[in-house]
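Have a look at the structure below, then the notes.
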Amino acid sequence: MQSRSLWADAGRRLRANRAATVSAVLLVLLSVAVIIGPMLLPWSYDAVDWEHIAEGPSAAHWLGTDQIGRDLLARLLYGGRISLMIGVVATLVSLVIGISWGAIAGYFGGKLDAVMMRIVDILYALPFMFFVILLMVFFGRNIFLMFVAIGAINWLDMARIVRGQTLSLKRREFVESAVVMGVGPLTIIRRHIVPNLLGVVAVYVTLTIPQVILAESFLSFLGLGVQEPQTSWGALVNDGAQVMETMPWMLIAPAITLALTLFCFNFLGDGLRDALDPKEQR
Amino acid sequence: MYSYAIKRLLGALPTLLVLFTLSFFLMRAAPGGPFDAERSLPPEIEANLNARFHLDQPLYQQYFSYLEDVVTGRFWPSIQYSDFNVKELITNGFPISMQLGLAALLLALLVGCSIGALAALKQNSRTDYSVMALAMTGISVPSFVLAPLLVLVCAVWLGWLPAGGWNNGALANQVLPVIVLALPQIAWISRLTRGSMIDVLRSPFILTARAKGLPWLLILRRHALKPALLPVVSYLGPAAAGIVTGSIVVETIFQLPGIGRYFVQSAINRDYTLVMGVVLFYGTLIIVFNFLVDLLYAWLDPKVRKEYTS
């Protein structure tokens with residue numbers, strides 16, 4: 001009998017999950033469209049077409065134009081770049097903080113662990129979204145600040161999950177043998193603990209990205225997100241909602257794209273969790 | 001029970017203090033002071049204002065006098081609505097926000113728990129899949145997408161319900177806002193209930209009850225329901241926070257005169273004092289709510305209860 005690795009096994013189970021597979025394919029297509037699409041279109045996201053102002057979908061503008069004659073498809077693709085980029089970057093920020101915090105607390109244990117997790121508990125009860133709003137109000141709109149702020153909200157869950165996993169991992173034989181061989185604790189965390197956390201982390205990443213995209217959209221809705229003429233999906237939905245009675249295409253296309261993306265990430269995340277969690281095997 | 005309450009209270013207090021401290025230093029670190037309006041003030045008036053709000057004191061004294069202001073409810077006047085102070089705006093708007101929020105929370109609990117339990121009982125059936133599809137929709141469609149779409153369909157195209165406005169709290173005006181607020185929470189609660197119900201139904205004490213030949217409905221009511229709903233109780237805190245965040249969107253889209261709408265306006269207009277006041281108010285509200293939920297959970301869960309009464 002041929003042996004299978006954890007990842008091959010999980011991959012096989014993931015491929016058997018039709019919703020997750022379709023979601024993954026759609027997300028790849030969407031990312032490609034968002035990355036190369038704006039280069040192929042005749043219109044840039046901020047170019048004004050004076051001939052077609054506030055017109056519905058047509059041969060010239062597939063998704064129509066907005067009140068000042070900018071092509072909606074171009075803006076949708078450009079906004080997708082921003083939304084997805086914020087999703088990925090802010091998730092990476094939360095990942096780096098969360099993994100280091102959780103792994104250190106879990107590995108060293110004792111008083112350090114107690115203090116570090118107490119801090120997580122206190123922060124956990126804070127309504128963080130409000131702090132992001134305060135930050136954006138006080139320090140102005142700034143994409144970099146937004147990455148950091150949203151990333152800083154999401155690391156708490158990650159820290160808790162990673163700590164729990166680390167607690168069980170550090171009692172395993174390969175860690176003990178590394179200790180016996182005199183490997184330093186930070187090297188053990190980097191070389192032996194973190195790589196074994198990747199499964200959990202993968203699930204968490206796919207479930208965090210949609211939350212971050214949502215958070216960014218929410219800020220854009222408040223008028224605190226990206227600045228004109230730049231745009232994001234949240235900003236487009238907000239613009240569309242204001243003119244939906246006279247120009248419904250302005251709302252429908254961005255709303256469907258945003259919801260579909262969130263759908264795909266959530267399905268993929270659920271699928272990955274089922275695939276990597278042997279408890280769920282049916 | 002009392003020792004548990006005290007322990008939880010000791011947990012809630014540092015959180016409140018962190019909330020307050022963070023907001024204080026954020027406000028201090030922000031570029032520009034609260035009185036940097038477009039016109040520059042005469043130096044005497046500025047000195048007076050600074051004295052009134054203790055801005056002339058050293059930082060640590062400011063911190064404590066600000067703490068005193070907040071605790072005694074002496075909020076600063078709003079910059080934008082200069083005739084009102086933040087406290088008045090909050091007391092005017094809060095009853096409306098609270099009414100909508102509580103209705104949404106109740107609706108979410110009723111619908112979420114029942115469809116979640118139903119899905120668990122008929123696991124892997126068509127009912128199960130449609131409930132889970134609905135839940136996925138509730139999680140994936142943000143409220144600021146859902147609300148305009150519902151208005152477009154129910155109000156503009158079909159004309160069944162008003163598109164917005166409060167209208168002194170008429171029932172028809174509340175239907176759409178409450179649904180939009182409740183849907184994401186229905187989604188999370190039904191997923192949670194389904195998961196825990198499936199776990200509970202597989203546990204040994206249910207098997208025992210079935211082996212003894214108890215009727216299925218009795219088993220559900222007497223043995224399965226309570227442990228299955230415990231995770232939902234601990235989700236109440238995040239649910240309340242979600243509804244508060246959602247109310248900001250909902251009140252803006254449906255033009256309801258609650259706190260959320262002022263909040264959006266003040267965020268756009270950089271009205272520092274009003275934003276600050278709302279954040280502190282809602283932050284405190286959520287922390288206190290979490291504290292009460294913890295107590296409720298301890299009262300319901302025999303494991304926690306026993307640990308502290310024996």
Side-chain angles (χ1 to χ4, degrees), chain A residues 19 118-119 121-140 207 210-211 213-215 217-224 233-234 236-238 240-246 248 250-252 254-267 269-270 282, chain B residues 11-12 14-19 22-23 26-27 29-32 124 132 136-137 139-149 151-152 155-156 163 191 237 241-242 244-246 248-249 252-253 263-272 275-276 278-280 282-287 290-291:
Chain A
R118 190 79 200 97
I119 292 175
D121 284 344
I122 289 177
L123 294 180
Y124 207 76
L126 283 179
F128 257 101
M129 202 59 216
F130 286 105
F131 275 105
V132 178
I133 295 170
L134 276 188
L135 267 180
M136 304 312 278
V137 169
F138 288 163
F139 297 99
L207 291 175
Q211 283 175 22
I213 294 180
L214 259 182
S217 313
F218 180 70
L219 287 176
S220 291
F221 172 83
L222 293 184
L224 297 172
W233 284 339
L236 284 173
V237 168
N238 189 28
Q242 285 166 7
V243 293
M244 63 181 175
E245 289 172 37
T246 48
M250 286 272 293
L251 173 63
I252 292 168
I256 290 177
T257 318
L258 177 59
L260 190 71
T261 309
L262 298 176
F263 250 116
C264 289
F265 273 114
N266 281 324
F267 268 124
D270 277 4
R282 273 177 279 194
Chain B
T15 314
L16 276 173
L17 205 63
V18 170
L19 171 79
L22 269 179
S23 59
L26 261 182
M27 192 174 62
N124 294 333
M132 284 304 102
M136 197 51 111
T137 315
I139 290 171
S140 301
V141 183
S143 52
F144 51 86
V145 172
L146 185 70
L149 286 179
V151 169
L152 195 63
V156 179
R191 278 167 70 110
V244 164
T245 323
I248 294 173
V249 174
T252 309
I253 292 179
F263 186 68
V264 177
Q265 280 306 314
S266 58
I268 293 170
N269 296 330
R270 320 255 133 166
D271 186 342
Y272 288 9
V275 171
M276 198 76 206
V278 174
V279 167
L280 277 178
Y282 268 152
T284 312
L285 195 73
I286 289 173
I287 291 169
N290 271 319
F291 169 64

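So that the names make sense, note that chain A is the first sequence line, chain B the second, and so on, each numbered from 1. For clarity, every value in this text was computed on a predicted model and none was experimentally measured.
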Which region of [X], side chain (C-beta onward) or backbone (N, CA, C, O), has a non-hydrogen atom less than 4.5 Å from a non-hydrogen atom of chain A, or is it both or neither?
{"X": "B/Thr137", "result": "both"}
{"X": "B/Leu22", "result": "both"}
{"X": "B/Ile139", "result": "both"}

Handout entry: Choice from A/Gly234, A/Pro254, A/Ala255 maximising heavy atom contacts with chain B below 4.5 Å
Key = A/Ala255

Problem - Top contributor to chain A interface from B/Thr245, B/Val18, B/Val141, B/Val249 [non-hydrogen pairs under 4.5 Å] - result: B/Val249

Practice task
Could you check which of B/Ile286, B/Leu19, B/Leu146 has the highest count of heavy-atom pairs closer than 4.5 Å to chain A?
Solution key: B/Leu19

Handout entry: Contacting region of A/Phe265 [heavy-atom separation from chain B under 4.5 Å]
Key =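 The answer is neither part of A/Phe265.
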
Practice task
Go through the structure and list residues passing side-chain contact (heavy atoms from CB on, under 4.5 Å) with A/Ile252, not counting sequence neighbours.
Solution key: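 If we apply the side-chain contact (heavy atoms from CB on, under 4.5 Å) test to A/Ile252, skipping adjacent residues, the hits are A/Pro248, A/Ile256.
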
Problem - Partner set under side-chain contact (heavy atoms from CB on, under 4.5 Å) for B/Ala147, not counting sequence neighbours - result: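 So B/Ala147 forms a side-chain contact (heavy atoms from CB on, under 4.5 Å) with B/Val180, B/Ile253, B/Phe254.
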
Handout entry: Test log, rule side-chain contact (heavy atoms from CB on, under 4.5 Å), inputs B/Phe144 and A/Asn238
Key = CA-CA 7 Å; B/Phe144 51 86; A/Asn238 189 28; 6.0 Å; no

Handout entry: Heavy-atom check, side chain of A/Asp270 versus side chain of B/Met132, under 4.5 Å
Key = no

